[in-house]
Amino acid sequence: MAVFNHPSFDNHEHVMFCHDEESGLKAIIAVHNTNLGPAVGGCRMWQYESDEEALTDVLRLSRGMTYKNALAGLSMGGGKSVILADPKTANREALFRAFGRAVDSLGGRYYSAEDVGVSTTDIMIAHQETPYMAGLEGKSGDPSPFTALGTFLGIKAAVKHQRGLDTVKGLKISVQGIGHVGYYLCKHLHEEGAELIVTDINQEALETVKNDFGAIVVAPQDIYTQDVDIYAPCALGASINDHTLPLLKASIVAGCANNQLAERRHGEALKEMGILYAPDYVINAGGIINVSFENEYDAAASTAKVEKIYDTLSTIFKQADEQNRTTGDVADEMARAIINAAK
Ligand code: NAD
């Protein structure tokens with residue numbers, strides 16, 4: 001398995017493979033870039049098909065964190081970790097203590113937090129072994145409502161840019177993945193009068209949004225073909241790919257999932273199709289912005305900073321139009337300028 005020659009290797013500063021025999025922990029921690037400060041990014045727990053798949057995920061996710069933190073105006077670098085295990089695994093105490101010790105061994109170059117398959121309870125367990133954990137209970141807490149708020153405002157920025165509308169009222173929005181973020185996002189959209197079409201592989205989550213927000217439920221494979229204004233990917237990555245692109249009827253793609261484009265060229269394809277894409281790491285920065293207030297927590301200041309996602313995206317959309325470039329390229333260039341200036 002190549003690391004330095006891996007297609008997703010992007011001059012990462014540090015990639016650490018961790019194993020703990022007693023707990024069975026298998027994890028990879030990637031510190032992408034620390035120009036702006038210590039690397040911060042969540043820990044994902046997933047039953048990967050292979051070690052290679054886990055490595056690809058952590059390399060891509062950690063790079064995304066560097067760009068996300070830079071464009072969100074945070075003094076933090078980018079990193080991420082993955083635990084290779086079934087997210088429903090029972091042995092959490094031993095596993096997350098071992099993970100905490102692995103993070104601790106980096107001496108503060110990397111701070112972890114929750115991500116898919118990991119809860120704040122897990123992070124509290126890891127915190128018993130290391131101070132380098134963020135999103136702690138009693139401090140900034142669950143980042144998901146802030147990610148949802150930023151995503152909601154990002155959707156509004158896209159609607160304003162493309163249609164000149166100040167509201168999502170009456171628009172049809174498909175949401176893929178009703179997890180921690182997806183639920184709160186549906187709440188915002190419903191409260192403003194959007195019509196929701198949702199899917200998930202978890203029936204319980206679907207029942208809740210059906211009852212709470214009158215959402216229409218469709219099967220996972222049918223979410224792409226829905227006749228909607230906006231498609232919001234809020235599950236896992238790579239949902240914009242060669243297979244799904246021709247199926248899309250939405251004119252806006254804006255959701256909270258990380259790494260939505262299977263490959264960079266899919267951003268070009270969206271542009272060619274006239275679909276406005278809100279770059280994932282810009283629209284989903286709300287949670288990490290909230291985490292950045294961890295030490296002296298101030299919910300109002302955090303919310304105000306999350307609200308800036310609307311302006312950042314509006315600037316990106318405008319520049320992309322003016323320069324006839326993809327929104328992703330414009331965002332990357334803006335982020336790189338900030339990262340390089342801090343070198
Ligand atoms: P989550 O695990 O709580 O929710 C993900 C949901 O997607 C689950 O309900 C799961 O059942 C569902 N799902 C998985 N595969 C699916 C499929 N094929 N079809 C339909 N549904 C499927 O995770 P979350 O915290 O809500 O995060 C969602 C996404 O947003 C992830 O990509 C995550 O990396 C990203 N994100 C989350 C945060 C945060 O604050 N939690 C911040 C930034 C980015």
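Atoms within a ligand are numbered from 1 in the order they appear, just like the ligands themselves.
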| query | Could you walk me through whether Tyr110 and Ser81 pass the side chain to side chain contact (heavy atoms under 4.5 Å, CB included) check? | reply | CA-CA 9 Å; Tyr110 168 65; Ser81 46; 2.8 Å; yes
| said: Check for me whether Arg101 meets the cation-pi criterion with Phe99, that is, NZ or CZ under 6.0 Å from the six-membered ring centre and within 45 degrees of the ring axis. | reply: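 No, a cation-pi geometry is absent between Arg101 and Phe99.
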| Take atom NZ in Lys210; do more than 12 heavy atoms of anything else shown fall under 6.0 Å from it? |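 Result for NZ/Lys210: open.
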Dump the pairs for me: ligand 1 N or O, protein N or O, distance under 3.5 Å, to 0.1 Å.
residue: ligand 1; atom: 3 (O); partner: His180; partner atom: N; Å: 2.8
residue: ligand 1; atom: 3 (O); partner: His180; partner atom: ND1; Å: 2.6
residue: ligand 1; atom: 9 (O); partner: Asp200; partner atom: OD1; Å: 3.4
residue: ligand 1; atom: 9 (O); partner: Asp200; partner atom: OD2; Å: 2.7
residue: ligand 1; atom: 11 (O); partner: Asp200; partner atom: OD1; Å: 2.6
residue: ligand 1; atom: 26 (O); partner: His180; partner atom: N; Å: 3.1
residue: ligand 1; atom: 26 (O); partner: Val181; partner atom: N; Å: 2.9
residue: ligand 1; atom: 30 (O); partner: Cys256; partner atom: O; Å: 3.2
residue: ligand 1; atom: 32 (O); partner: Ala235; partner atom: O; Å: 2.7
residue: ligand 1; atom: 32 (O); partner: Asn258; partner atom: N; Å: 3.3
residue: ligand 1; atom: 34 (O); partner: Arg44; partner atom: NH2; Å: 2.8
residue: ligand 1; atom: 34 (O); partner: Asp115; partner atom: OD1; Å: 3.3
residue: ligand 1; atom: 34 (O); partner: Asn258; partner atom: ND2; Å: 2.8
residue: ligand 1; atom: 40 (O); partner: Thr147; partner atom: OG1; Å: 2.7
residue: ligand 1; atom: 41 (N); partner: Ser144; partner atom: OG; Å: 3.4

| query | Which residue, Asp122, Leu84, Val82, Thr89, forms the side-chain contact (heavy atoms from CB on, under 4.5 Å) with Met45? | reply |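 Option passing the side-chain contact (heavy atoms from CB on, under 4.5 Å) with Met45: Thr89.
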| task | Carefully, step by step, assess Arg44 and Asp57 under the rule salt bridge (Lys or Arg N to Asp or Glu O under 4.0 Å). | result | CA-CA 9 Å; Arg44 175 173 293 190; Asp57 211 23; 3.3 Å; yes
| message | I'd like to know whether Asp10 forms a salt bridge (Lys or Arg N to Asp or Glu O under 4.0 Å) with Arg60, so could you lay out the CA-CA distance, the side-chain angles of the two residues, the decisive distance to 0.1 Å, and finally the verdict. | response | CA-CA 9 Å; Asp10 177 54; Arg60 292 190 69 190; over 6 Å; no
